[in-house]
Amino acid sequence: MIIKNIGQLVGIQPQGVLRLEGAAQGETGVLENAWLQIEEGRIVDFGTGPVIPSAASVSPETHSAQGLGVTIIDAQGGMVMPGFCDSHTHVVYAGSRDGEFLDKINGLSYEEIAARGGGILNSSDLLNRTSEDELYRQSLPRVQEMMDKGTVALEIKSGYGLCPEGEMKMLRVIDRIKKTIPAAVKSTFLGAHAIGRGYAHEAYVQMVIDLIPEAAQYADFVDVFCDEGFFTVADTDRILEASKHLLTPKIHANELAVSGGVQVGVKHLALSVDHLERTTDAEIEALKGTWTMPTMLPGSSFFLGLPYGRAKDFLRAGLGIALASDYNPGSSPCGDMRFVMAQGCIKMRLTPVEAFNAVTLNSAYAMGISSEYGSVTRGKKAALILTEPGWTLTRLAYQYQTPFIRKVIL
Ligand code: NIG
Ligand code: FE
């Protein structure tokens, strides 16, 4: 496939750049009036001007003669960018929680809804009454919608089963989605999302620990909701210790309180610590010099009316940040990464390029796939968005609701 007449080719990075930190997060490689060549699903070359040097040797005629076939797409001045990478979602769930929407509007907090047996437990009841096939059938269209909106790689968590059967059912459904769709899928065991019904706290933590070897047959990562009213630092420490050499941690931390989740995540070499709505300087200090990617989820700040994370302070401290959707029925019923990017700019004061790198390369890093996804780099997967003519990264975030995608290439 050759894409020609590209107005702007953005997100160009040299090989080997796996994440962007500090001032570097504010920069991206851009070529104007460009072309890009794809072979067997990978970016093989790109450049500027009307001429396509290496593509000259693969004229459509030659390829058809060899039965290979070349598709030439005229971008007509559209922008080509890496597709969105969404490193934190709970998109496999049953039913909906629109029944709690009114409670929320009327002023009940996330914690109050959870304390009344609503929230995550509500989704868990529903999930445990839903068959595996039905769960797959309900979840797939959400993933399809995300891909239509430009997401080319996503992480999906378990965490609504809250018992061995339910958690394994979720992990199998995630696995089935992984095998069905062209986007990349990473799977996370989030048994420690809430205390399942009928369990005492300790017994539940033990159940999660006991389930780790079986979960690891499907999952890539382990997650713990380390926050006030859910799991303690001590619980998290035990679960991560038991996951060692089996599952890499990604932690829910500091959404509802300054929880200590960042520090325990860093201690266990978490690939990311996510949420961070409540962050002190101690968390920023703890993250310096680590391989852990701080990840913020502006969609849940928006939906729950929480503070937005201190994104700029992280960058000033020389760290990188990722942004993800947190798509889930309780705190962020939306998987639109373009909206996440816009919120990064509007609410967190990121520049469009900083926000763009947060929803592409850095979010790919937070899934451990940034050697394959998240930038325009020779050899990487051609997981790209071709926009309608005239779009730029700035306009994408500024005019944040106007449809901009002409084609998602996967
Ligand atoms: O990331 N914070 C914990 N988990 C989800 C919410 C899940 C739910 O409410 O269903 C989150 O916000
Ligand atoms: Fe989450």
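Just follow the structure's listing: the first ligand is 1, and inside any ligand the first atom is 1.
- Inter-residue side-chain proximity for Tyr400 and Ile346 is flagged as met; some heavy-atom pair is nearer than 4.5 Å.
- Between Arg137 and Glu134 there is a salt bridge, since at least one side-chain N of the basic residue sits less than 4.0 Å from a carboxylate O of the acidic one.
- Under a 4.0 Å criterion applied to the non-hydrogen atoms of Ile120, ligand 1 contributes the atoms 7 (C), 8 (C), 9 (O), 10 (O).
- The Fe ion (ligand 2) lies at the vertex of an angle of 80° between the NE2 atom of His88 and the OD1 atom of Asp326 (rounded to 10°).
- Those atoms of ligand 1 that come under 4.0 Å of a heavy atom in Arg97, given as number and element, are 8 (C), 9 (O), 10 (O).
- Among protein heavy atoms, the minimum distance from atom 2 (N) of ligand 1 is reached at Glu255 OE1, 2.7 Å.
- Here the side chains of Ile385 and Phe84 are in contact, with some heavy-atom distance below 4.5 Å.
- Atom 7 (C) of ligand 1 has its nearest heavy-atom neighbour, among Tyr160, Phe303, Phe230, Tyr327, in Tyr160.
- Close approach of ligand 1 to His275 is summarised as follows: ligand atoms under 4.0 Å from at least one heavy atom of the residue are 1 (O), 2 (N), 11 (C), 12 (O).
- For atom 4 (N) of ligand 1, the closest non-hydrogen atom of the protein is His193 NE2, 2.7 Å.
- Here the protein heavy atom with the shortest distance to atom 11 (C) of ligand 1 is Asp326 OD2, 3.1 Å.
- The one candidate from Lys250, Met296, Glu155, His252 that meets the side-chain contact (heavy atoms from CB on, under 4.5 Å) condition with Asp274 is Lys250.
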Side chain to side chain donor-acceptor pair (under 3.5 Å) assessment of Gln15 paired with Thr377:
CA-CA 6 Å; Gln15 270 159 353; Thr377 301; over 6 Å; no

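- Seen from the ring of Phe404, Arg395 does not count as a face-on cation partner, given the 6.0 Å and 45° thresholds.
- Note: His193 and Phe225 have tilted aromatic rings, judged against thresholds of 30 and 60 degrees for the angle between ring planes.
- Look at Glu255 and the Fe ion (ligand 2): no N/O/S atom of the residue is under 2.8 Å from the metal.
- If you look at Tyr110 next to ligand 1, the close heavy atoms, those under 4.0 Å, all belong to the side chain.
- His201 and Phe231 have their aromatic ring centers within a separation under 6.0 angstrom.
- Near His88, with a cut-off below 4.0 Å to any heavy atom, the atoms of ligand 1 are 1 (O).
- Taking backbone and side chain together, His275 holds no N, O or S atom under 2.8 Å from the Fe ion (ligand 2).
- Salt bridge Asp175/Arg172: absent, no basic N to carboxylate O contact under 4.0 Å.
- Checking Ser300, Ser331, Ala114, Ser325 against atom 12 (O) of ligand 1, the nearest heavy atom belongs to Ser331.
- At a threshold of 4.5 Å between non-hydrogen side-chain atoms, the residues Met81 and Leu396 count as touching.
- Between NE2 of His90 and NE2 of His252, the angle at the Fe ion (ligand 2) works out to 100°, rounded to 10 degrees.
- Judged by the shortest distance from any of its heavy atoms, Tyr93 lies outside the 4.0 Å radius around the atoms of ligand 1.
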